[in-house]
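Presented below is the structure to which this report refers.
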Amino acid sequence: MAVRFKWLAHGEGLPMPVRQSRAAAGHDLAAALGEDEVMTLAPGERALVPCGFALALPEGYEAQVRPRSGLAARFGVTVLNAPGTVDADYRGEVKVILVNHGAEPFAIRRGDRIAQMVFAAVPDLALESVQELEETDRGANGFGSTGMAG
């Protein structure tokens, strides 16, 4: 299945989002900053980073914008609203909300791989109001209940 992809003027010349290995789930997203522009995130700061392209996803699909584990592990930089969702009817620029949870400022330059995009099917489900739900072994136990020793 193909996804229609359009470069915006400030994104031209960047590499197309690609998976870095055959079995990788995510397509890496690059920062579409100006040639000499540096965006620096101070510790605790967040910013909206442009990717320089727009998509036309098929109906019934979304693109999830997720963190890159290397940035999170090495620098404490992650996607703030992870996963961010690009809806099938959105035609604007794909952007990434990055936040610096690290102790040092983090510099972003044109072409830096800042996040990854995973395509996912979105089933067409309807909510049905009922008086009772069927019981399960877990019941209403949550927030770590399945990993607690009894």
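- Within the structure, the ring pair (Phe, Tyr, Trp, His ring centres under 6.0 Å) test picks out the following pairs touching residues 23-42 (sequence neighbours left out): His27-Phe119.
- By the criterion of side-chain heavy atoms lying less than 4.5 angstrom apart, applied directly or through intervening Ile, Leu, Val, Met, Phe, Trp or Tyr residues, Val86 is not grouped with Val118; the two fall into different hydrophobic clusters.
- The two residues Met39 and Ala47 make their nearest non-hydrogen contact at SD-CB, 3.8 Å.
- Closest approach of Ala63 and Leu57 over heavy atoms only: N-CD1, 3.5 Å.
- Listed by chain and number, the residues in a side-chain contact (heavy atoms from CB on, under 4.5 Å) with Ala56 are Arg4, Arg91 (sequence neighbours excluded).
- Arg74 pairs by the side-chain contact (heavy atoms from CB on, under 4.5 Å) definition with nothing, not counting sequence neighbours.
- By the 4.5 Å heavy-atom criterion applied to side chains, Met117 and Leu55 are counted as neighbours.
- Its side chain within the 4.5 Å cluster rule, Val130 clusters with Leu133 among the Ile, Leu, Val, Met, Phe, Trp and Tyr residues.
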If you look only at distance, which donor and acceptor atoms sit under 3.5 Å apart when one is on a side chain in residues 99-111 and the other is two or more places apart or in another chain?
residue: Asn100; atom: OD1; partner: Gly102; partner atom: N; Å: 2.7
residue: Asn100; atom: ND2; partner: Leu41; partner atom: O; Å: 2.9
residue: Asn100; atom: ND2; partner: Glu104; partner atom: O; Å: 2.8
residue: Arg110; atom: NE; partner: Glu35; partner atom: OE2; Å: 3.3
residue: Arg110; atom: NH1; partner: His10; partner atom: O; Å: 2.9
residue: Arg110; atom: NH1; partner: Leu33; partner atom: O; Å: 2.7
residue: Arg110; atom: NH2; partner: His10; partner atom: O; Å: 3.2
residue: Arg110; atom: NH2; partner: Glu12; partner atom: O; Å: 2.9

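- Residues satisfying the side-chain hydrogen bond (donor to acceptor under 3.5 Å, both in side chains) test with Arg46, not counting sequence neighbours, are none.
- Looking at residues two or more places apart in sequence or on another chain, you find no side-chain contact (heavy atoms from CB on, under 4.5 Å) involving Ala72.
- Taking NZ of Lys6 as the start and CG of Leu8 as the end, the distance is 6.5 Å to the nearest 0.5 Å.
- Taking Ile, Leu, Val, Met, Phe, Trp and Tyr as hydrophobic and joining them when side-chain heavy atoms fall under 4.5 Å apart, one finds Tyr61 in a cluster with Met1.
- Residue pairs meeting the salt bridge (charged side-chain N to carboxylate O under 4.0 Å, His left out) criterion with at least one member in residues 112-138, sequence neighbours excluded, are Asp28-Arg113.
- Nearest approach of Val49 to Ala31, heavy atoms of both residues: CG1-CB, 3.8 Å.
- In this structure, the ring-ring contact (aromatic ring centres under 6.0 Å, His included) partners of Phe5, at least two apart in sequence or on a different chain, are Trp7, Phe53.
- In terms of heavy-atom proximity, Cys51 sits nearest to Ala32 at C-CB, 3.4 Å.
- Tracing side-chain contacts under 4.5 Å through hydrophobic residues (I, L, V, M, F, W, Y), one reaches Met16 starting from Leu29; they form part of the same cluster.
- To the nearest 0.5 Å, atoms CG (Leu125) and CG (Leu127) are separated by 8.0 Å.
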Cut-off 3.5 Å, no hydrogens considered: what does the side-chain donor-acceptor table look like for residues 77-84, sequence neighbours left out?
none

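- With sequence neighbours left out, Ala120 forms a side-chain contact (heavy atoms from CB on, under 4.5 Å) with Glu62, Gln64.
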